[in-house]
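Read the structure below first, then the notes.
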Amino acid sequence: MKLNPEGKIVILTGAGVSRESGLNTFRDADGIWAQVRIEDVATPEAFARDPEGVQAFYNARRQGLRAAEIQPNAAHLALAELESDWPGEVLLVTQNIDDLHERAGSRNLIHMHGELFKARCEDCGSIHEWRGDLEVTSPCPACGDSGNLRPHVVWFGEMPFEMDRIAAELESCDLFLSVGTSGSVYPAAGFVQEVRMAGRGHTVELNLEPSEGRDLFHEHHHGPASEVVPDYVHSLLEGVGRR
Ligand code: BJW
């Protein structure tokens, strides 16, 4: 597919893009949901019932993300290269709460399911950088109240962030890339359908295996993200003389 050099590219990423950096996916056989139940850690009801348990789950993941060996891989780096070298606009929408895209250099980025290194006060609504453990008793740096800080992530039943902006970008994009996601969680799983309904964008899946929405993509490249993403990005950049 030959893309207009001024064309807008929207990329959706999921846990598969960070797998080769050492972070678990959710639904693979060794994934997070094979170790803990969604109902125990990833719903507002779980947090209301067992705040200590939910905070412990996210404290452990925050600690994991701080480990020196967790670094961006070739897929994160290629997506950052696409943003810096593509002549048109590139928007990266990630479902991931890790910060590996930022560390790779991506800047036009939406964390639709939140960020692990942030905490939010449910009382005053303020959002804070939070790299260490979050305790049930931690006071909010803005209002000073204790007991209201939660991980700044989107649990089941909660509305993902920046949905209006994402919808507008999907409708007007020329190329939609879906990278490392099983396509089983909505609304992200419906993005490819939104692009198809707008009748404009070419849709491409880059994943280890066919996702649930496979039939909605015009083009597929299956394999590890660290291989298929750089290959695809470099072919795009070669097509516009940027490599
Ligand atoms: C590789 C690889 C390698 C491996 N290289 N690839 C019934 C029907 C339709 C919808 C619903 C329904 N019932 C409920 C809903 C809505 C619900 C939903 O979708 N549920 C489904 C389970 C059906 N969605 C929501 O509740 C969302 N909110 C919402 O809809 O709001 C609207 C609303 C609100 C209120 C009232 C009414 C309406 C919120 C969803 C929040 C998801 N949160 C999580 C946790 C975030 C925080 C955290 O990280 O702890 O987000 S769940 C988890 O899944 C996480 C992920 O972002 C998300 C997606 O997972 P992802 O990234 O796709 O990972 P995997 O593991 O599934 O897939 C990895 C893929 O990578 C696989 O394909 C591998 O093959 C591949 N891979 N290695 C390349 N090396």
Side-chain angles (χ1 to χ4, degrees), residues 11-47 53-65 72-76 78-79 92-101 110-120 134 150-164 166-167 177-194 204-214 217 220-233:
I11 305 152
L12 172 69
T13 63
V17 78
S18 296
R19 182 68 194 91
E20 291 160 89
S21 293
L23 297 178
N24 280 333
T25 59
F26 292 92
R27 293 169 186 81
D28 290 315
D30 59 351
I32 293 173
W33 299 148
Q35 296 155 34
V36 287
R37 289 178 352 129
I38 290 175
E39 300 78 18
D40 291 339
V41 296
T43 67
E45 293 78 15
F47 189 55
V54 174
Q55 297 286 25
F57 171 69
Y58 284 97
N59 285 342
R61 287 178 63 196
R62 220 175 278 116
Q63 193 176 358
L65 187 54
N73 64 53
H76 298 102
L79 295 175
L92 183 50
V93 179
T94 186
Q95 298 170 86
N96 300 342
I97 63 174
D98 66 57
D99 64 346
L100 297 179
H101 284 306
I110 295 175
H111 276 279
M112 65 176 289
H113 289 166
E115 295 172 71
L116 188 54
F117 283 150
K118 288 187 178 166
R120 183 170 82 242
L134 190 53
R150 58 164 280 181
H152 184 51
V153 301
V154 178
W155 290 318
F156 283 100
E158 296 184 319
M159 192 62 81
F161 301 126
E162 299 203 51
M163 289 310 301
D164 289 348
I166 294 170
L177 304 181
S178 175
V179 183
T181 176
S182 61
S184 50
V185 175
Y186 287 83
F191 288 177
V192 61
Q193 177 86 310
E194 290 181 49
V204 180
E205 170 168 275
L206 305 173
N207 202 39
L208 193 59
E209 59 193 7
S211 72
E212 288 193 21
R214 72 196 85 171
F217 292 93
H220 308 83
H221 299 271
H222 294 138
S226 67
E227 294 174 16
V228 293
V229 176
D231 284 353
Y232 188 79
V233 163

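Note that ligands are numbered from 1 as they come in the structure, with each ligand's atoms numbered from 1 the same way. Residues take their numbers from the sequence shown, with the count starting at 1.
Looking at ligand 1, you won't find any N or O of N96 less than 3.5 Å from one of its N or O atoms. At least one N or O atom of L208 sits closer than 3.5 Å to an N or O atom of ligand 1.
Under the 6.0 Å cut-off for aromatic ring centres, F161 and H152 qualify, their centroids lying closer than that.
Protein heavy atom in closest approach to atom 43 (N) of ligand 1: V154 O, 3.0 Å. Counting protein heavy atoms only, atom 77 (N) of ligand 1 is closest to G16 CA, 3.6 Å. Ranking the protein heavy atoms by distance from atom 33 (C) of ligand 1 puts M159 CE, 4.0 Å first. Nearest non-hydrogen protein atom to atom 73 (O) of ligand 1 is N207 ND2, 2.9 Å. Among protein heavy atoms, atom 9 (C) of ligand 1 sits closest to Y186 CD1, 3.9 Å. Looking only at protein heavy atoms, the nearest one to atom 5 (N) of ligand 1 is A225 N, 2.9 Å. Ranking protein heavy atoms by distance to atom 69 (C) of ligand 1, first place goes to G180 O, 3.8 Å. Atom 34 (C) of ligand 1 has G157 O, 3.3 Å as its closest protein atom, hydrogens excluded (heavy atom only).
Within ligand 1, the atoms closer than 4.0 Å to a non-hydrogen atom of D28 are 4 (C), 74 (C), 75 (O), numbered from 1 in the order shown. Less than 4.0 angstrom separates some heavy atom of R19 from each of these atoms of ligand 1: 78 (N), 80 (N). Close approach of ligand 1 to W33 (heavy-atom distance below 4.0 Å) involves ligand atoms 52 (S). Listed by atom number, the atoms of ligand 1 under 4.0 Å from R61 heavy atoms are 48 (C), 49 (O), 50 (O). Annotation for ligand 1: atoms under 4.0 Å from non-hydrogen atoms of W155 are 39 (C), 41 (C). Each of the atoms 19 (O), 40 (C), 42 (C), 54 (O), 58 (C), 59 (C) of ligand 1 lies under 4.0 Å from some heavy atom of V185. Near T181, meaning under 4.0 Å from one of its heavy atoms, ligand 1 places the atoms 61 (P), 63 (O), 70 (C), 73 (O). Per-residue contacts place P224 under 4.0 angstrom from the following atoms of ligand 1 (heavy atoms of the residue considered): 5 (N).
When non-hydrogen atoms are compared, ligand 1 lies under 4.0 Å from the backbone of E158 (N, CA, C, O) but not from its side chain. Both the backbone and the side chain of R27 come within 4.0 Å of ligand 1, judged by heavy-atom distances. Only the side chain of E20 comes within 4.0 Å of ligand 1, counting heavy atoms alone; its backbone N, CA, C and O stay farther away. When non-hydrogen atoms are compared, ligand 1 lies under 4.0 Å from neither the backbone nor the side chain of A75.
A salt bridge does not link E115 to R61: none of the charged side-chain nitrogens sits closer than 4.0 Å to a carboxylate oxygen.
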Where do E205 and S211 land on the side-chain hydrogen bond (donor to acceptor under 3.5 Å, both in side chains) test, with the steps shown first? CA-CA 8 Å; E205 170 168 275; S211 72; 2.4 Å; yes
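In this structure, S18 OG and Q95 CD are separated by 11.0 Å, a value rounded to the nearest 0.5 Å.
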